[in-house]
Amino acid sequence: MSKRKLSLISLIVILIVASIGGGYWWTHRSTDDPSHQVYVDGTNISPAISTTKTFYQSFIAAYPQLKSAIDHDSEPNTYAVPGLIQTKTLRAGTKTVGNATDMDPQGLAITPKYLIISAYSRSKKYNSVLYFMDKITGQYVKQIVLPTTSHVGGLAYDPISKRLWVATQRGLSQATLSAYNQATLAKASFKSSHQTTKFDHVVALPNIPRSSFIAYHNNTLYTGYFSQATRGKFISYPLSTSGMPRLSSRSDVDLRGKHLYDSPYTTNKQLQGVTFYEGQILFSQSFGNAHSNLLTFDNDGQKTWLDFDHDDMLKSIALPPYMEQVAVDGSDLYVLFESGSSHYRSQKLSIHADRIIKLNLKTLLGQ
């Protein structure tokens with residue numbers, strides 16, 4: 001092969017690589033600029049307030065003690081929450097498509113492929129939604145519109161049944177847990193159908209007026225409800241071999257594991273989420289525009305008792321205001337905030353978090 005032809009081939013390869021790299025850079029850049037919003041089927045996928053760089057700078061300035069905990073080992077370290085500027089969904093009680101500008105993120109679940117975020121319309125004029133983000137790239141994937149206007153305060157993913165549980169409500173005083181099976185999650189897409197996706201399961205929780213948060217741990221679903229002024233409730237529901245929560249102490253239900261308890265516990269007030277990490281239980285505590293707190297306790301959640309007195313607290317770690325659900329994946333803690341929603345964007349806060357942040361738990365907890 002002549003040197004001229006070889007040089008020409010090399011030039012073509014370089015241009016192709018540059019084109020691919022440039023395309024990726026431009027796509028990433030264009031979806032990271034809040035002043036130039038990118039929409040997918042009417043839902044914005046760009047951050048609502050700040051670029052990744054400016055958010056990181058603001059976060060470190062406000063919470064310098066957390067700089068070392070920002071997970072640098074595997075990017076992305078933050079995930080911009082979609083739909084905060086506008087979310088295409090259905091008008092409540094109708095099949096009419098509309099654009100909600102008041103979506104408020106609440107729940108977070110981590111699966112092998114996705115970060116899933118739940119959000120509700122504060123005015124209750126629109127149906128609640130689920131946003132799916134690619135866990136590896138941080139890019140928006142799709143959206144599901146739920147057949148409810150519930151607050152959807154929490155999400156829990158069962159890795160054994162591969163089922164996603166959503167904290168929902170029936171009427172004003174009946175808490176429910178609703179779920180999607182793996183097959184439904186795989187095929188559902190609001191962009192394709194412009195219809196709600198019906199739940200595969202809906203379970204009414206006895207004697208609980210509402211479910212503010214939910215989590216999965218060791219073959220058990222944990223749910224609880226938030227209280228502004230008094231101590232809240234935290235209840236465990238062992239899962240059967242079919243992956244459904246046992247709602248009573250019936251002995252004829254085959255559970256996945258031994259020594260699983262369905263006991264109610266009294267907790268601290270103003271709790272927004274719960275998760276588990278290496279024998280510790282972690283709560284997110286937040287209300288108002290003051291710092292949120294991550295509360296850690298030395299208990300694996302599988303004992304016959306749980307004591308949430310302050311004397312038993314291991315740590316209280318300050319985080320930005322309006323923290324919602326927290327979720328653990330490996331040694332990473334993913335933290336969701338609602339301060340980027342339209343309801344809070346005009347408030348004067350130390351930082352408006354329009355994204356999920358990822359923190360290294362070994363560093364955060366000083367292990």
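From a predicted model like this one, the values you see are computed outputs, not experimental measurements.
- Paired with Thr89 under the rule side-chain contact (heavy atoms from CB on, under 4.5 Å), one option of Met103, Lys125, His194 passes, and it is Met103.
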Please determine whether side chain to side chain donor-acceptor pair (under 3.5 Å) holds for the pair Ser211 and Thr223, giving the CA-CA distance in whole Å, both sets of side-chain angles, and the decisive distance to 0.1 Å. CA-CA 6 Å; Ser211 176; Thr223 187; 2.4 Å; yes
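- Nearest heavy atom pair, residue Ser350 against residue Ala62, reads O-CB, 4.2 Å.
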Take Phe213 and Ser284 through the test side-chain contact (heavy atoms from CB on, under 4.5 Å) and record every step on the way to the result. CA-CA 10 Å; Phe213 56 85; Ser284 61; over 6 Å; no
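- Residue Val166 is not grouped with residue Ile160 when hydrophobic side chains (ILVMFWY) are merged at heavy-atom distances under 4.5 angstrom, including chains of intermediate members.
- Ser339 and Tyr344 make their closest contact through O-CB, 3.6 Å (heavy atoms, listed as atom of the first residue, atom of the second, distance).
- Under the 4.5 Å side-chain criterion, counting only non-hydrogen atoms from C-beta, Tyr222 is not in contact with Ile235.
- Inter-residue side-chain proximity for Leu314 and Gln280 is flagged as met; some heavy-atom pair is nearer than 4.5 Å.
- Residues Ser128 and Thr148 bring no donor and acceptor atom of their side chains to less than 3.5 Å of each other.
- Under a 3.5 Å cut-off, the side chain of Lys142 and the backbone N or O of Ala188 do form a donor-acceptor pair.
- Closest approach of Tyr180 to Pro147, counting heavy atoms only: OH-CD, 3.7 Å.
- Residues Tyr322 and Ser292 are not in side-chain contact: their nearest non-hydrogen atoms beyond the backbone lie 4.5 Å or more apart.
- Under the 4.5 Å side-chain criterion, counting only non-hydrogen atoms from C-beta, Ile357 is not in contact with Tyr334.
- Side-chain contact between Leu359 and Ile70 is present, with heavy atoms from C-beta onward closer than 4.5 Å.
- At distances below 3.5 Å, at least one donor-acceptor pair connects side-chain atoms of Gln325 with backbone N or O atoms of Ile214.
- Between the side chain of Lys362 and the backbone N or O of Ser331 there is no donor-acceptor pair closer than 3.5 Å.
- In this structure, CG in Leu185 is found 6.0 Å from CD1 in Ile116, a value given to the nearest 0.5 Å.
- Aromatic ring orientation, Tyr114 versus Phe132: perpendicular (interplanar angle above 60°, classes split at 30° and 60°).
- The pair Lys135-Asp329 meets the salt-bridge criterion, since a charged nitrogen lies less than 4.0 angstrom from a carboxylate oxygen.
- Inter-residue side-chain proximity for Leu365 and Thr296 is flagged as met; some heavy-atom pair is nearer than 4.5 Å.
- Of the N and O atoms on the side chains of Asp158 and Ser161, at least one donor lies less than 3.5 Å from an acceptor on the other residue.
- Considering every non-hydrogen atom in both Pro321 and Ser286, the closest pair reads C-OG, 4.4 Å.
- Counted by atom type alone, Arg91 and Tyr126 present one or more donor-acceptor pairs between their side chains at under 3.5 Å.
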Anything under 3.5 Å between a donor and an acceptor, one on a side chain of residues 81-88, the other on a protein residue two or more places apart or in another chain? List them.
unit_1, atom_1, unit_2, atom_2, d
Gln86, NE2, Gly42, O, 2.8
Thr87, OG1, Gly83, O, 2.9
Thr87, OG1, Tyr131, OH, 2.6
Lys88, NZ, Asp41, OD1, 3.4

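- Taken from CG in Asn99 to OG1 in Thr43, the straight-line distance is 7.5 Å, to the nearest 0.5 Å.
- Remark: the Gln169 side chain and the Ser150 side chain contain no N/O donor-acceptor pair separated by less than 3.5 Å.
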Between Phe190 and Leu90, is a side-chain contact (heavy atoms from CB on, under 4.5 Å) present by the stated rule, with each step listed? CA-CA 10 Å; Phe190 184 66; Leu90 295 181; 4.0 Å; yes
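- Nearest heavy-atom pair, Asp33 versus Ser35, reported as atom, atom and distance to 0.1 Å: OD1-OG, 2.7 Å.
- Residues Val145 and Met133 fall within the same hydrophobic cluster, defined by Ile, Leu, Val, Met, Phe, Trp and Tyr side chains chained together at heavy-atom separations under 4.5 Å.
- Formation of a donor-acceptor pair under 3.5 Å by the Arg170 side chain with backbone atoms of Ala204 is not found in this model.
- Atom CG of Leu282 and atom CG of Leu361 lie 6.5 Å apart (nearest 0.5 Å).
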As a quick check of understanding, evaluate side-chain contact (heavy atoms from CB on, under 4.5 Å) for Val326 and Leu108, giving each step before the final call. CA-CA 7 Å; Val326 290; Leu108 173 66; over 6 Å; no
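- Leu336 and Tyr79 end up in the same hydrophobic cluster when Ile, Leu, Val, Met, Phe, Trp and Tyr side chains are linked at under 4.5 Å.
- Side chain to side chain, Thr31 and Ser46 fail the donor-acceptor criterion of an N or O pair below 3.5 Å.
- A side-chain contact (heavy atoms from CB on, under 4.5 Å) with Ile110 is found for exactly one of Val328, Ile356, Leu115, namely Leu115.
- Ring pair Tyr216/Tyr157: centre-to-centre distance not below 6.0 Å.
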Taking it one step at a time, do Lys358 and Thr78 satisfy side-chain contact (heavy atoms from CB on, under 4.5 Å)? CA-CA 6 Å; Lys358 186 171 65 172; Thr78 69; over 6 Å; no
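- Looking only at atom types and distance, the side chain of Thr220 has no donor-acceptor partner in the side chain of Asn218 under 3.5 Å away.
- Ring-centre distance between Tyr63 and His291: below the 6.0 Å cut-off.
- Proximity of a side-chain donor or acceptor of Gln37 to a complementary backbone N or O of Ile45 within less than 3.5 Å is not detected.
- A donor-acceptor pair under 3.5 Å is formed between the side chain of Asp354 and the backbone N or O of Ile49.
- In terms of heavy atoms, His352 sits closest to Arg345 at NE2-O, 3.4 Å.
- If you run side-chain hydrogen bond (donor to acceptor under 3.5 Å, both in side chains) between Ser121 and each of Asp102, Asn127, Thr101, only Asp102 comes through.
- Note that CG of Leu146 and NZ of Lys198 are 14.5 Å apart. Values are rounded to the nearest 0.5 Å.
- Put simply, OG1 on Thr137 and OH on Tyr140 are 13.5 Å apart, with the number rounded to the nearest 0.5 Å.
- No cation-pi contact links Arg246 to Tyr237, judged by a cut-off of 6.0 Å to the six-membered ring centre and 45° from its axis.
- Going from atom OG1 of Thr176 over to atom NE2 of His201 covers 14.0 Å, rounded to the nearest 0.5 Å.
- Ile317 has its side chain within reach of Leu364: a pair of non-hydrogen atoms, C-beta onward, lies under 4.5 Å apart.
- The backbone N or O of Thr184 sits nowhere less than 3.5 Å from a side-chain atom of Asn181 that would complete a donor-acceptor pair.
- Side-chain N or O atoms of Ser118 include one that pairs as donor or acceptor with a backbone N or O of Gly107 at under 3.5 Å.
- Looking at Ser50, its side chain never comes within 3.5 Å of a backbone N or O of Thr54 through a donor-acceptor pair.
- Between Ser178 and Trp165 the shortest side-chain heavy-atom distance does not fall below 4.5 Å.
- Side-chain atoms of Thr94 come within 3.5 Å of backbone atoms of Thr96 as a donor-acceptor pair (strictly under, hydrogens ignored).
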Trace of the side chain to side chain donor-acceptor pair (under 3.5 Å) decision for Arg355 with Thr52: CA-CA 9 Å; Arg355 59 193 65 223; Thr52 299; 3.2 Å; yes
